[in-house]
Chemist: 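Dropping the structure in here first, questions after.
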Amino acid sequence: MNKAVKIDRISEEDVELPLLASVPLSYARGNMLMPLRRENGDLLGAVYGQEGVFALFDLAREMSLKPKALWGDKAVVQDAINRYYGQLGSAKDVMADIREDDLSSVATEFEKPKDILELTEEAPIIRLLNALLKQAMKDRASDIHIEPFEKELEVRIRVDGVLKKILAPPKIIQDALVSRVKIMASLDIAERRLPQDGRIRLLVGGKDIDIRVSLIPTIHGERVVMRLLDRRGGSIGLAELGMDGLMKEQFESLLSRQNGIILVTGPTGSGKTTTLYAALRKIFSEEKNIVTIEDPVEYELSGIGQIQINPKVGLTFASGLRSILRQDPDIIMVGEIRDLETAQIAIQASLTGHLVLSTLHTNDASSAITRLIDIGVEPFLVASSLAGVLAQRLVRRNCSYCSAPYETAPSEVLLPQDALLLQGNGLAEKKGALKGKGCERCGGSGYLGRAGIFEFLEIGPSIRKLITERADAKSIAEKAVSEGMRTLRKDGLLRVSTGLTTLEEVLRVTQKDDAGVQV
């Protein structure tokens, strides 16, 4: 056998995917062997330990090739096995293999697997659903939508905040596919008239995935949405959110306070919970008692007490928050302020020496202030308790593998102040910013991953005065901008100037937010 060499990483160019199809995943995992490729009569494989070497020797002998071992650390070999075996068999491939006479079959018993990548010889519907989950993870999807219509069934996934169609299975398998989802989520397969919510936890390619399942009845059958949560996602820190240095310092300064309320605002799916988790990780210490109440608990945070609300038994945000205050907390996170009762308890907690973090669904930072007043909180209480508001959106990042200069949008599609800002950052018309052309790594979209754009409103004396005077959101925003606040639109345009994202993305997520406020 040839002398082995050491490798630190395994890239796509090193792997011959058709080769993996002939080597069972269980064999590769059990022996810590990552088959790579056939080359000049050799079988190259990344191995860890003697078991991997022996397994490569046996595999090469069966293929009438010479073994050539590349030594890798355990983490390197495991990661490669999970990543590249997960690329085998898309949902379309599985659908093409399913015979028509198998389409109506569905599992009636379910034993939770160790890893769905290992389930390849199961019933057709099981294989199809497993393939959908694998493809969603491979494509970095956050949601899977199974949508019934009169004569067809569609499957779409949401990648970087945008839905795309990946499959149109025959209508005949609709009930079987939905029933399989229900079995995995421990839901009632006989109930088709009422909405149902459930949860699935499994491994996909070595990743511990928590799947939130929602079913609603429509006129053409039950509609399924599965939200995929990587349980390691809660480890994101503030530095990875995308804030620039100055805004990050301002936000961290607020987090060092002993009391007050800090709000994070934005629409559903704008990353508010991720930001709050990053904030909690930043301020966590063994000297502090941190308790959260959430709906649902998306990620588990080590050393922090987390409560999930359960309205069926009377555990709401308000009732849970009252109980938390009897637990001697230093810092409290409330998943969302939805009503006057929750808002009043949170404000009282902040005024009695607790730091409270929470979210609101508003379009911008200044609107959070008027929302609290609109639901019934007295302006003087808002002014005395609120420390700061962070509004945010998520924009798609330019793919780093295929980004190239491009012409920015004509000035006539921009507000005058936006056009001036682009010119001030060297991005005047036709000078060009960066934009992904589309490649295999980004699925042809030109974007790979997402980052936040932010608007940070710190509550100073002048803003407090406006709050007590019941000023509207526009007046508060204009005052904050005059004192240096950067709006969502302006922060996004600055991200365009650095090549992080495109002008189209910024306009897509902020087009109605800053109208009338000069940036």
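Below, all heavy atoms of this structure are taken into account, side chains as well, without hydrogens, waters or symmetry copies. The shown structure was predicted, so the numbers you read here are calculated from the model rather than taken from an experiment.
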Chemist: Considering non-hydrogen atoms only, spot the tightest contact between Leu215 and Leu187 and give its length.
Modeler: CD1-CD1, 3.3 Å

Chemist: Would you call Val334 and Leu321 a side-chain contact if the rule is heavy atoms closer than 4.5 Å?
Modeler: yes

Chemist: Quick one: does Lys474's side chain get under 4.5 Å of Glu478's, heavy atoms only?
Modeler: yes

Chemist: Asp339: which residues meet the salt bridge (Lys or Arg N to Asp or Glu O under 4.0 Å) condition with it, sequence neighbours left out?
Modeler: none

Chemist: Quick one: which residue pairs count as a salt bridge (charged side-chain N to carboxylate O under 4.0 Å, His left out) with a foot in residues 247-270, not counting sequence neighbours?
Modeler: Lys248-Glu252, Glu252-Lys282

Chemist: Please identify each residue that fulfils salt bridge (Lys or Arg N to Asp or Glu O under 4.0 Å) with Asp244, with sequence neighbours left out.
Modeler: Arg486

Chemist: Are Ile459 and Ile467 side-chain neighbours, meaning at least one heavy-atom pair lies under 4.5 Å?
Modeler: yes

Chemist: Would you check if Ile10 and Val76 make a side-chain contact, meaning some heavy-atom pair closer than 4.5 Å?
Modeler: yes

Chemist: With side-chain contact (heavy atoms from CB on, under 4.5 Å) as the criterion, how do Tyr401 and Cys439 come out once you've worked through the C-alpha distance, each side chain's angles and the decisive distance to 0.1 Å?
Modeler: CA-CA 8 Å; Tyr401 298 98; Cys439 64; 4.2 Å; yes

Chemist: Are side-chain heavy atoms of Thr316 and Ile309 found at a separation under 4.5 Å?
Modeler: no

Chemist: Looking at Asp143 and Arg227, is there a salt bridge between them, counting it only when a charged N and a carboxylate O are closer than 4.0 Å?
Modeler: yes

Chemist: Applying side-chain contact (heavy atoms from CB on, under 4.5 Å), can you list everything that pairs with Ser385, at least two apart in sequence or on another chain?
Modeler: Ile261, Ile347, Ser350, Leu351

Chemist: Look only at the side chain of Ser475 and the backbone of Ala471, and say whether a donor-acceptor pair between them is shorter than 3.5 Å.
Modeler: no

Chemist: Taking Arg223's backbone N and O only, do any of them form a donor-acceptor pair with Glu147's side chain (distance below 3.5 Å, no angle check)?
Modeler: no

Chemist: For residues 322-332, pull every pair meeting salt bridge (charged side-chain N to carboxylate O under 4.0 Å, His left out), keeping only residues two or more places apart or in separate chains.
Modeler: Arg322-Glu341

Chemist: Contact between Leu325 and His354 at the side-chain level, heavy atoms closer than 4.5 Å - yes or no?
Modeler: yes

Chemist: Does the side-chain contact (heavy atoms from CB on, under 4.5 Å) test come out yes or no for Thr292 and Ile304, once each step is laid out?
Modeler: CA-CA 8 Å; Thr292 76; Ile304 294 176; 3.8 Å; yes

Chemist: Please identify each residue that fulfils salt bridge (Lys or Arg N to Asp or Glu O under 4.0 Å) with Lys74, with sequence neighbours left out.
Modeler: none

Chemist: Return yes when atom CZ of Phe456 has more than 12 non-hydrogen atoms of other residues, nucleotides or ligands closer than 6.0 Å, and no otherwise.
Modeler: yes

Chemist: Under the side chain to side chain donor-acceptor pair (under 3.5 Å) criterion, do Thr510 and Arg489 qualify, and how do the steps go?
Modeler: CA-CA 6 Å; Thr510 67; Arg489 174 68 65 85; 2.8 Å; yes

Chemist: Among all residues two or more places apart in sequence or in another chain, which pass the side-chain contact (heavy atoms from CB on, under 4.5 Å) test with Arg9?
Modeler: Ser11

Chemist: With no hydrogens and no angle check, is any side-chain donor or acceptor of Thr501 less than 3.5 Å from a backbone partner on Arg396?
Modeler: yes

Chemist: Give the intermediate values and the outcome of side-chain contact (heavy atoms from CB on, under 4.5 Å) for residues Met333 and Glu294.
Modeler: CA-CA 8 Å; Met333 188 192 97; Glu294 308 170 56; 3.5 Å; yes

Chemist: Evaluate the side-chain proximity of Val291 to Asn289: yes if any heavy-atom separation is below 4.5 Å, no if none is.
Modeler: yes

Chemist: Could you measure the distance from the CD atom of Glu455 to the OG1 atom of Thr487? Nearest 0.5 Å is fine.
Modeler: 6.0 Å

Chemist: Salt bridge between Glu469 and Lys465, side-chain N to carboxylate O under 4.0 Å?
Modeler: yes

Chemist: Who are the side-chain contact (heavy atoms from CB on, under 4.5 Å) partners of Gln327, not counting sequence neighbours?
Modeler: none

Chemist: Applying side-chain hydrogen bond (donor to acceptor under 3.5 Å, both in side chains), can you list everything that pairs with Ser482, at least two apart in sequence or on another chain?
Modeler: none

Chemist: Do Ile331 and Ile290 touch side chain to side chain, with heavy atoms closer than 4.5 Å?
Modeler: yes

Chemist: Looking only at heavy atoms, which two atoms of Gly499 and Leu434 are closest? And how far apart?
Modeler: CA-CD1, 3.9 Å

Chemist: According to side-chain contact (heavy atoms from CB on, under 4.5 Å), who are the partners of Ser186, at least two apart in sequence or on a separate chain?
Modeler: none

Chemist: Is Gln306 reaching over with its side chain to a backbone N or O of Tyr299, donor-acceptor style, under 3.5 angstrom?
Modeler: yes

Chemist: Going through the checks in order, is the side-chain contact (heavy atoms from CB on, under 4.5 Å) test met by Leu254 and Gln250?
Modeler: CA-CA 7 Å; Leu254 278 193; Gln250 292 174 324; over 6 Å; no

Chemist: How many angstroms lie between atom CG of Leu488 and atom CZ of Phe454, to the nearest 0.5 angstrom?
Modeler: 9.5 Å

Chemist: Check Arg212 with Asp210, please: is the shortest side-chain N to carboxylate O separation under 4.0 Å?
Modeler: yes

Chemist: Only counting residues at least two apart or in another chain, list the ones meeting side-chain hydrogen bond (donor to acceptor under 3.5 Å, both in side chains) with Glu287.
Modeler: none

Chemist: Run the salt bridge (Lys or Arg N to Asp or Glu O under 4.0 Å) test against Glu336 and tell me which residues pass, sequence neighbours left out.
Modeler: Arg338

Chemist: Thinking salt bridges, do Asp160 and Arg140 make one under a 4.0 Å N-O criterion?
Modeler: yes

